[in-house]
There are 2 protein chains.
Amino acid sequence: MKVEEALQILKEKGYKYTGKREKLIRICAAERRYLSAKDIMERIKDDYPNLSFDTVYRNISTFVDLGILEETELDGEGKYRLACSADGHHHHHVICTECGKTSSLPGCPMNIMSSIPEDFQVTGHKFEVYGTCSDCASVPSHS
Amino acid sequence: MKVEEALQILKEKGYKYTGKREKLIRICAAERRYLSAKDIMERIKDDYPNLSFDTVYRNISTFVDLGILEETELDGEGKYRLACSADGHHHHHVICTECGKTSSLPGCPMNIMSSIPEDFQVTGHKFEVYGTCSDCASVPSHS
DNA sequence: TAGTAAATCAGAATAAATCCGATTTAAAGG
DNA sequence: CCTTTAAATCGGATTTATTCTGATTTACTA
């Protein structure tokens, strides 16, 4: 998804334009990486020093609902990135647990999962591969 | 995994036997369902009313490290069940997001994932299918 | 340009999980 | 059986991520 598309979605759905919202989207668009709410907040503060964290959380939540951001959970913390599955075909990610960097995997395992009980109403699925990217492998862990 | 196996693992690794530990394991063994720390705590309290939640969290964490319990995260909350992947072949689960009930899926999508970057060190993966089981579908949601 | 609903602020409140110092207890050895 | 000791537990404070609330500000509409 591109920044302009995201802003367009907001406009269409009747949400107001604010500089903070655009900044938030631009921050996520700048990296193929999952960011925590705190990561995002710090970066917005460059432009808006008196930012309230409520604003960040509320907007993130709105954007996830609208499909502008994708969410996952790492280390008991919500992490977010600009939606990309929405772009073309549905797919999944390899995620670096050190820095959140992602790369795409082709295909979806749901295609070959034929044995889900018939009386089970599927509402979603998660397939994620975790590990350490080459950049993070070459420096000592900061955890 | 059976209760006896779990207790055997504890003994082998030099952990002490306590009634609370056995009870915790028995509680998880009693259901094919993910339970929250709070769920587990409430059930142990039947036998041990003055239980400290530190004890429950600490033991859960130990058991996860030892491979006695499997962990996932639902609604920003840790959920646990007796390890079953360890039993025979590695596999994945369909999970009811209402009650935590699980059923097994044969096979693992990692087998057909050939396009993970070579310089990425894989440390784990998660494949879970979410939805509503037939029991929960027939009663109004309590959320 | 005034009115209005939405967005933001600032900080309190919540909830899961962890930490910490004091006390108790399982189990090994004499 | 008794003593010893490290592990386990207790009880409560603390931390951390997130949500809530009521007052204030702001983007858009007419």
Side-chain angles (χ1 to χ4, degrees), chain A residues 6-25 27 34-66 68-69 71-80 97 100 142-143, chain B residues 6-25 27 34-66 68-69 71-80 97 100 142-143:
Chain A
L7 293 172
Q8 185 58 29
I9 291 171
L10 280 178
K11 192 169 214 170
E12 282 168 7
K13 303 269 180 171
Y15 289 85
K16 290 185 179 170
Y17 170 88
T18 72
K20 293 178 183 99
R21 282 182 169 164
E22 176 169 350
K23 178 78 179 177
L24 197 165
I25 291 166
I27 285 165
Y34 277 96
L35 297 172
S36 69
K38 190 181 289 186
D39 291 335
I40 293 171
M41 187 149 54
E42 278 171 10
R43 293 170 204 214
I44 303 185
K45 278 202 169 171
D46 292 346
D47 287 19
Y48 301 93
N50 310 23
L51 181 74
S52 159
F53 47 77
D54 181 64
T55 299
V56 176
Y57 279 107
R58 192 172 16 74
N59 279 325
I60 286 175
S61 173
T62 300
F63 295 169
V64 170
D65 289 347
L66 293 176
I68 292 171
L69 294 183
E71 181 179 29
T72 191
E73 194 133 358
L74 244 60
D75 293 320
E77 200 184 16
K79 307 267 191 176
Y80 308 90
T97 50
H142 51 285
S143 62
Chain B
L7 293 173
Q8 185 60 28
I9 291 172
L10 280 179
K11 193 169 214 169
E12 282 168 7
K13 303 270 179 170
Y15 289 86
K16 292 185 177 169
Y17 170 87
T18 71
K20 292 179 183 97
R21 283 183 169 161
E22 176 169 349
K23 177 77 179 179
L24 197 164
I25 291 166
I27 285 165
Y34 277 97
L35 296 173
S36 69
K38 191 181 288 184
D39 291 336
I40 293 170
M41 189 150 52
E42 279 171 9
R43 292 170 205 214
I44 302 185
K45 279 203 168 169
D46 292 347
D47 287 19
Y48 301 93
N50 309 25
L51 182 73
S52 160
F53 46 77
D54 182 64
T55 299
V56 176
Y57 277 109
R58 193 172 16 74
N59 280 324
I60 286 174
S61 174
T62 300
F63 294 169
V64 170
D65 290 347
L66 293 177
I68 292 172
L69 293 183
E71 180 178 31
T72 191
E73 194 131 0
L74 243 60
D75 294 320
E77 199 185 16
K79 307 266 191 175
Y80 308 90
T97 50
H142 51 284
S143 63

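Order of the sequence lines sets the chain letters (A, B, ...), proteins ahead of strands, with each chain counted from 1. FYI, side chains are in, hydrogens and waters are out, and symmetry mates aren't considered; it's all heavy atoms of this structure.
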What is the distance from [atom1] of [X] to [atom2] of [N], rounded to the nearest Å?
X: B:Glu77; N: D:dA17; atom1: CD; atom2: P; answer: 17 Å
X: A:Phe63; N: C:dA7; atom1: CZ; atom2: P; answer: 10 Å
X: B:Asn59; N: C:dA17; atom1: CG; atom2: C1'; answer: 15 Å
X: A:Asp39; N: D:dA17; atom1: CG; atom2: P; answer: 11 Å
X: A:Lys11; N: D:dC28; atom1: NZ; atom2: P; answer: 8 Å
X: B:Glu73; N: C:dA15; atom1: CD; atom2: P; answer: 17 Å
X: A:Asp54; N: D:dT25; atom1: CG; atom2: P; answer: 17 Å
X: B:Leu24; N: D:dT9; atom1: CG; atom2: C1'; answer: 14 Å

So which heavy atom on [X] is nearest to which on [Y], and how close?
X: A:Ala37; Y: A:Tyr57; answer: CB-CE2, 3.5 Å
X: B:Lys16; Y: B:Arg21; answer: O-NH1, 3.0 Å
X: B:Arg43; Y: B:Lys23; answer: O-CE, 3.6 Å
X: B:Thr97; Y: B:Leu74; answer: CA-CD2, 4.2 Å
X: B:Glu71; Y: B:Tyr34; answer: C-CE2, 4.2 Å

*asked:* Closest approach to the side chain of B:Ser52, judged atom by atom: which nucleotide of D:dC10, C:dA17, C:dC9 is it?
replied: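 Out of D:dC10, C:dA17, C:dC9, the nucleotide with an atom closest to B:Ser52's side chain is D:dC10.
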*Just compare D:dT9, D:dT18, C:dC9 and give me whichever is closest to any side-chain atom of B:Arg21.*
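In terms of side-chain proximity for B:Arg21, the closest of D:dT9, D:dT18, C:dC9 is D:dT9.
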*Between the side chains of B:Thr62 and B:Asn59, is a donor N or O closer than 3.5 angstrom to an acceptor N or O?*
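No.
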*Have a look at A:Arg58 and say if it touches a base, only the backbone sugar-phosphate, or nothing, with a 4.0 Å heavy-atom cut-off.*
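A:Arg58: base contact, heavy atoms under 4.0 Å.
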_At 4.0 Å (heavy atoms only), tell me whether B:Gly78 reaches a base, stays on the sugar-phosphate, or touches nothing._
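The answer is sugar-phosphate, as B:Gly78 gets under 4.0 Å only of primed atoms, P, OP1 or OP2.
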*Tell me which of B:Tyr80 and A:Lys20 sits closer to the 5' end of DNA chain C, going by the nucleotide each one is nearest to.*
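Its nearest nucleotide lies further toward 5', so the answer is A:Lys20.
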*Is there a residue in residues 41-51 of chain B whose heavy atoms reach under 4.0 Å of DNA chain D, and which residues are they?*
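Result for residues 41-51 of chain B: B:Asn50, B:Leu51, sorted by number.
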Show the distances under 3.5 angstrom between N or O atoms of the protein and N or O atoms of nucleotides 26-30 of chain C.
residue: C:dA26; atom: O3'; partner: B:Tyr17; partner atom: O; Å: 3.2
residue: C:dA26; atom: N3; partner: B:Lys16; partner atom: NZ; Å: 3.2
residue: C:dA27; atom: OP1; partner: B:Tyr17; partner atom: N; Å: 2.8

*Flag yes if more than 12 heavy atoms outside A:Asp46 fall under 6.0 Å of its CG atom; otherwise flag no.*
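Counting neighbours around CG of A:Asp46, more than 12 heavy atoms of other residues, nucleotides or ligands fall under 6.0 Å, so yes.
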